[in-house]
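Following: one structure in structure tokens, then a few remarks.
Only this structure's heavy atoms are used, side chains among them; waters, hydrogens and symmetry mates stay out. This one's a predicted model, so the numbers in the text were calculated from it and none came from an experiment.
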There are 2 protein chains.
Amino acid sequence: MKPEQEQAIVEKHLREQGFRWTNQRSLIVRMAFATHDHFTAEELLDRCRKLDPKVSRATVYRTLAVLEEAGFVEGLETGDGGRRFEHVLGHEHHDHMVCLACGAIFEFRDDELERRQDLAAKRIGFRIERHSLRIYGACRDCQRGAAPRKGARA
Amino acid sequence: MKPEQEQAIVEKHLREQGFRWTNQRSLIVRMAFATHDHFTAEELLDRCRKLDPKVSRATVYRTLAVLEEAGFVEGLETGDGGRRFEHVLGHEHHDHMVCLACGAIFEFRDDELERRQDLAAKRIGFRIERHSLRIYGACRDCQRGAAPRKGARA
DNA sequence: GTAGGTGCAAACCTTTTGCAGCATG
DNA sequence: CATGCTGCAAAAGGTTTGCACCTAC
């Protein structure tokens, strides 16, 4: 899907929910969808400020909350207390492996995993809203003794 | 396993690692293992202060870090930015479902889930250190319209 | 015109840290 | 008796909030 399309979908959805479509939201959404990487709130703020230096931190946080609530963006914990976001539109659901040495994030997907989670939930009458599977450890490169990042545990 | 046994195991292990066994650590470990619930650092501090009002917050955090590092305790994110711990000794690994309405935490285990994670990791040469699967949603009771907790999203 | 959104700065909360004194091994 | 641990208080991060002004609808 093209960025402009994604942008349009988000705009439509938010308008339908009664939200206003402001310049700031447009900018923040554009930056959040610009690449399929995993960004922190602060990084997103920086990107936005390159185009409009007066965007406020509060607006970025508030918009991220709206986007997360609407399901366009997903938060994931990085294992060292941090939190990153990724946009979801046009990308199938996937899980993550986080390298504790270099911080790299690998995505993977396994249908059987999903199925078994549904099953487990059904057993106790739990209605799934979302879920998060993260595997922490060392990626192939870091097992070979690459330099660990500052503060890494491994 | 009995609490005294668990206590003894932790003490032995920490001593062997060269850590000192202080009154504070003994107390903190005792409180952490007192029940198999999911507690925050602050709650653990409170419990400890009931028996010894001068235990410091810093010591609780430092001890939790040691225990987590040693694998006696595991942290888990609650989905609303919070963090809780549970003790692990004598309890098989399990995953969690977190009710976003009432905060209840349900444990479950599925060997096939574990197996498929190992497989996915093997495929990309990733060495697993730990992993965390959490399913967020509504528990059976809350689907029937029980009063949601303050600040709940659902 | 009027909600709702924004920017700013201050408040908040949880966790970490520097340091002087204390207690364990 | 040396080092590691503790308590305190302050700092540090990351996120939220109160409020006056602004702007999309």
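- Taking side-chain N and O atoms only, A:T22 has a distance below 4.0 Å to OP1 or OP2 of C:dT6.
- Between the CD1 atom of A:I28 and the C1' atom of C:dT6 there is a distance of 10 Å, rounded to whole Å.
- Distances were taken from every side-chain heavy atom of B:R25 (C-beta onward) to each of C:dG7, D:dC5, C:dG25; the shortest belongs to D:dC5.
- The shortest distance between side-chain heavy atoms of B:E107 and B:E86 falls below 4.5 Å.
- Of the residues near DNA chain D, B:R49 and B:G18, the one whose nearest nucleotide (by heavy atom distance) lies more toward the 5' end is B:G18.
- For the pair B:E77 CD and C:dC13 P, the computed distance is 20 Å after rounding to whole Å.
- Across the protein-nucleic acid pair, A:L67 atom CG and D:dT15 atom P stand 15 Å apart, rounded to whole Å.
- The side chain of B:Q24 places an N or O atom within less than 4.0 Å of a non-bridging phosphate oxygen (OP1 or OP2) of D:dG7.
- Between B:F33 and B:H87, the ring planes lie parallel to each other; the angle is under 30°, not in the 30° to 60° tilted range.
- Distances shown here put a side-chain N or O of B:T59 below 4.0 Å from the OP1 or OP2 atom of D:dG7.
- Residues B:N23 and B:A58 each lie close to DNA chain C; by heavy-atom proximity, the contact nearer the 5' end of the strand is made by B:A58.
- The side chain of A:T40 places no N or O atom within less than 4.0 Å of a non-bridging phosphate oxygen (OP1 or OP2) of D:dG14.
- Atom-to-atom, CZ of B:R84 to C1' of C:dT15 comes out at 16 Å; the value is rounded to the nearest Å.
- For A:Y61, a side-chain nitrogen or oxygen approaches OP1 or OP2 of D:dT15 to under 4.0 Å.
- Here the straight-line distance linking atom CG of A:L113 with atom CG of A:D118 works out to 11.0 Å at 0.5 Å rounding.
- Taking atom CD of residue A:Q17 and atom C1' of nucleotide C:dG4, one finds them 15 Å apart after rounding to whole Å.
- Distance, B:R15 CZ to D:dC5 P: 12 Å, rounded to whole Å.
- Side chain A:R20 to base C:dG5: no donor-acceptor pair is found below 3.5 Å.
- For A:R62 against C:dG7, a side-chain-to-base donor-acceptor contact under 3.5 Å is present.
- In terms of position along DNA chain C, the nucleotide closest to B:R57 lies nearer the 5' end than the nucleotide closest to the other residue of the pair B:W21 and B:R57.
- Other residues, nucleotides and ligands contribute more than 12 heavy atoms inside 6.0 Å of the CD atom of B:Q17.
- Evaluated for a side chain to side chain donor-acceptor pair (under 3.5 Å) with B:E11, the options B:R15, B:H13, B:Q7 yield exactly one hit, B:R15.
- Of the candidate nucleotides D:dC8, C:dG5, D:dC5, C:dG5 has the atom lying nearest to any side-chain atom of A:F19.
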